[in-house]
Amino acid sequence: MKQSKYHWIRSEEPIQTELINWLKEHGFSEQLAPLLANRKITTAEQLSAYFYPNLEDLYDPFLLFDMDKAVNRLFEAIESGQKIVIYGDYDADGITSTTVMKEAIELVGGDVSYFLPNRFEHGYGPNVKVYEQLIADGAELIVTVDNGVTGHEAIEYAKTQGVDVIVTDHHELPPELPEPYALIHPKHPAGNYPFGDLAGVGVAFKVATALLEEPPVELLDLVAIGTIADLVSLTDENRNLVKHGLQMMKETDRVGLNALMKVANVDKENISAESVGFGIGPRLNAIGRIGDASPGVELMCTFDEEQAEELATFIQKKNEERQAIVATISQEALEMVAELGEQSIYLLAKEGWNEGVLGIVASQIVQKTNRPAIILSLNPESGLAKGSGRSIEQINLYDLLSEIRDELVKFGGHHMAAGMTLEQSKLPEIQAKLNTLIEQQSIDFSVGQPLNVEDHSAIEALDVRLVEAIQTLGPFGTDNPSPVFLFENGRAQMTKAIGADQKHLKFQFQTSDASIDVIAFGYGNQLVEIDSASELAIVGDLSINEWNGNKKVQLMMKDYGINEKQVFDYREKLHLLPELLSLPRTFYVLFDGKHLNQFKAIPQEHLLLVGDQTDLSQYAGAAQSVVFLDCPIEEHQLQEIVSELQVERIYLLLYSKEQCYLNGMPSREAFGKLFKLVQTKQEIDVRYKLNELAQYINVEFNTIIFMINVLFELKFVTIENGVMRKVDSTNFTPLNESKVYQTRERKMQTEKFLLYSNIIELEKWLFQ
């Protein structure tokens, strides 16, 4: 058995007649009905807004609290020629927010510049020292984008210098808000905005719309990038903005964006939320993670193609550098996790870790452990630890950290992610408190993160037209995920690892009626697991594979599960023994004590040497897996042990030193030749002559030993001090009366069945 990584939730909402009729009327496939019903999109009004989002349907920006006040102040600054500075953030949302606000103010004639803090020098959000410098350099109005709601100290300083600050932000609001000149936030407690999940760039776009008195369509490409990259809810107004933004990206003349798409190998004509999320967003995020993010704004704003190419190449190199740093830190963090054992939350810290990538590392730890994780970089000079956390659906990380607010120097974030600074000396205390708080919630961590799946067992009904129809439900993202389909009761066929590093899998999922091609990214190390399953269930997104003009449906696998007991085929692959030694909760069964030396690496407490009278009932249910190290004499022994131990996973190594079936039974002529040689020689020192004897009789080394044992048992020869001599007797017993001979015959039959049967047949037999 293999538990799925995610907790699959099947949704089967009733399908209303109104939904079917609307789809028919507007020329959409009726097969979309269950998908829409599961998303609670069923009325004509909802369907129209979903399939035909219109920019005219965007909410009035003046519904945002303080918007009128902010716009008036901006126009006042523009008309009087005041120097406006945009104070941004160093991630993709911050870069695009800054660019949107800058270009909007420029369009109405403002004198505007920007500043992006360096996360290592200035940290996140308003910084007093930076504000001092900006004001000293002549800033007369500061506008924050994608930050500001926690900038109390810097904002208060600006006020004392007679400089107004307009805050535009979307992050979680602290208990006490700062008091800037204007505070624009979609969730402002005194506001009345209909949609609270705008990204920072979405809020900046609303300010731009208010300034320009209409939505600036030419800025929607930036809005799409920031919204997708920041993983905000891709519903309602965000979906409207992203859908139009993606269309704008297909047509964009923005020189820098075109250069970035080129180095990222993003197909402009087929741009999607996924290609933005995996291709463009990470590259813009990368520069701010390991240095100055300002080149991102320069790239988005430039009209110079040569400069755009240079900046895009620079950003690509920074992204590659970021990937290498993440790989190193992730490996070190996972080693710490292994040492710590199970925790309710992992609080990992080390000196020298790059602060900029710790959120990515935290996400990887969460994926591996299904536990929230906080990854921190230690600074011995300041005595502070600074980093990022990521959570799981069941635990609101912002609320959790709010419970220990007094223990932290600084923190901010939302349900699934947070950034924080704390004193190194308090790490053990904070770890203990967080563990206690989570334990009080009685969360079952054995259940993975929820994943909504659609039932679709009829593989033969899948076609390209259906997949194309499903794509009309996009753009996909947070809260509007691509439909994930469930297929059960199948088996993987033609499984093979693919990719330069063999990290991915390709196979056919075969049921009794049909099959579908499957690509499984990142599952290369699960090849044996998937290939061995007789009752496999998989979930994934449907896509279209186009090759030489031919289109074919394929599944991009996200997860899999196995509900049946499994048999893993390692037969006679002794070189893979180290791989089997790392299995958790496993017994290793050995039938022949002569093979002990071959398996000396196995801890004695996990090794079971099984004989005819061995009682295994005491071990029942104590392990999840059993590895059969060597081949027994009787095949039924495997069935009995599997039943006795009550294991779910069976690994067949079945080492055979003698290779009885492969080498066969020596012929009567071979026995006669050996016996005649003994008669002729009178005596043979078998301690030193075995190789010569095997060559003379023309049999394998192990076979000559067997033959000598048969002759010895039947008293045709004696062996004393390693010397074999003929016995003078006229009573010749048939060879097949020898127990050694009979045992080999049984071994031959057992090896024939266990070592050379089809693994599927063997699996069925084992569980009879």
Side-chain angles (χ1 to χ4, degrees), residues 87-95 115-130 146-147 150-151 171 200 229-231 281-296 315 317-337 345-366 372-391 397-398 401 407-414 416-427 430-431 434:
Y87 191 97
D89 190 23
Y90 37 66
D91 65 0
D93 190 16
I95 289 169
F115 178 85
L116 297 188
N118 183 302
R119 77 164 72 220
F120 304 104
E121 294 179 34
H122 313 117
Y124 169 75
N127 179 293
V128 175
K129 289 185 178 180
V130 175
D146 194 31
N147 74 92
T150 58
H171 291 94
D230 218 48
L231 301 177
R283 284 166 173 79
L284 290 178
N285 279 325
I287 47 176
R289 291 188 185 281
I290 57 179
D292 180 16
S294 298
I315 290 172
K317 289 180 179 178
K318 287 295 180 183
N319 187 53
E320 292 168 359
E321 185 180 337
R322 186 270 306 169
Q323 290 173 325
I325 294 170
V326 168
T328 300
I329 298 177
S330 294
Q331 181 60 39
E332 292 174 355
L334 286 169
E335 289 172 2
M336 289 184 182
V337 167
I345 182 171
Y346 286 100
L347 190 62
L348 310 175
K350 185 176 179 180
E351 184 181 339
W353 279 352
N354 184 302
E355 294 172 20
V357 303
L358 298 185
I360 301 173
V361 175
S363 294
Q364 294 187 3
I365 301 301
V366 171
I374 295 173
I375 314 298
L376 302 164
S377 180
L378 303 178
N379 185 332
E381 294 181 7
S382 66
L384 297 176
K386 185 178 179 183
S388 298
R390 295 294 183 268
S391 192
L397 187 56
Y398 183 84
L401 294 174
E407 305 292 336
L408 305 175
V409 175
K410 185 179 179 182
F411 89 101
H414 51 81
M416 299 296 287
M420 69 219 66
T421 302
L422 52 95
E423 296 175 20
Q424 293 183 25
S425 59
K426 291 188 175 181
L427 278 169
I430 290 173
Q431 171 78 76
L434 291 176

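For clarity, every value in this text was computed on a predicted model and none was experimentally measured. Reckoned from all heavy atoms, side chains included, excluding hydrogens, waters and symmetry mates.
Taken to the nearest 0.5 Å, the CG atom of Leu427 stands 11.5 Å off from the CD atom of Glu407. Taken from CD in Glu423 to CG in Leu408, the straight-line distance is 10.0 Å, to the nearest 0.5 Å. Separating the CD1 atom in Ile325 from the CD1 atom in Ile360 is a distance of 10.0 Å, to the nearest 0.5 Å.
When all heavy atoms of Asn319 and Arg322 are compared, the pair lying nearest together is OD1-NH2, 2.7 Å. Heavy atoms only, all atoms of each residue included: Pro126 and Asn147 are closest at CD-OD1, 3.2 Å. In terms of heavy atoms, Gln424 sits closest to Pro380 at NE2-N, 3.7 Å. Considering all non-hydrogen atoms of both residues, Trp353 and Ile375 come closest at CZ3-CG2, 3.5 Å. Ala333 and Val361 get closest at one heavy-atom pair: CB-CG1, 4.0 Å. Here the closest non-hydrogen pair linking Leu378 and Ala385 is CD2-CB, 3.6 Å.
Under the rule for a side chain to side chain contact (heavy atoms under 4.5 Å, CB included), the partners of Thr421 that lie at least two apart in sequence or sit in another chain are Leu384, Lys386, Val409, Lys410. In this structure, the side chain to side chain contact (heavy atoms under 4.5 Å, CB included) partners of Asp91, at least two apart in sequence or on a different chain, are Asp89, Asp93, Asp146, Asp230, Asn285. Not counting sequence neighbours, Glu355 has no partner by the side-chain hydrogen bond (donor to acceptor under 3.5 Å, both in side chains) test. Here Ala229 pairs with Ala92 under the side chain to side chain contact (heavy atoms under 4.5 Å, CB included) rule; sequence neighbours left out. Checked against side-chain hydrogen bond (donor to acceptor under 3.5 Å, both in side chains), Arg390 has no partners two or more places apart in sequence or in another chain. With sequence neighbours left out, Glu320 forms a salt bridge (charged side-chain N to carboxylate O under 4.0 Å, His left out) with no residue at all. Not a single salt bridge (charged side-chain N to carboxylate O under 4.0 Å, His left out) links Lys129 to another residue, sequence neighbours left out. With sequence neighbours excluded, the residues satisfying side chain to side chain contact (heavy atoms under 4.5 Å, CB included) with Gln331 are Glu335. Scanning for side-chain hydrogen bond (donor to acceptor under 3.5 Å, both in side chains) contacts around Lys350 gives Glu332, with sequence neighbours left out. For Tyr87, the ring-ring contact (aromatic ring centres under 6.0 Å, His included) test picks out Phe115, Tyr131, with sequence neighbours left out. Taking Ser294 as the reference, Asp292 meet the side-chain hydrogen bond (donor to acceptor under 3.5 Å, both in side chains) condition, with sequence neighbours excluded.
At least one side-chain heavy atom of Pro117 sits under 4.5 Å from a side-chain heavy atom of Tyr90. Taking 4.5 Å as the limit, every side-chain heavy atom of Asn354 sits out of range of all side-chain heavy atoms of Ser377. Side-chain contact between Leu397 and Met416 is absent, with no heavy-atom pair separated by less than 4.5 Å. Using a 4.5 Å cut-off on side-chain heavy atoms (C-beta onward), Arg119 and Arg289 make contact. Side-chain atoms of Leu348 and Leu376, non-hydrogen and from C-beta on, never get closer than 4.5 Å to each other.
A side chain to side chain contact (heavy atoms under 4.5 Å, CB included) with Ile374 holds for exactly one of Leu422, Leu401, Ile430; it is Leu401.
Between Phe411 and Tyr398, the ring-plane angle classifies as tilted under the 30° and 60° cut-offs.
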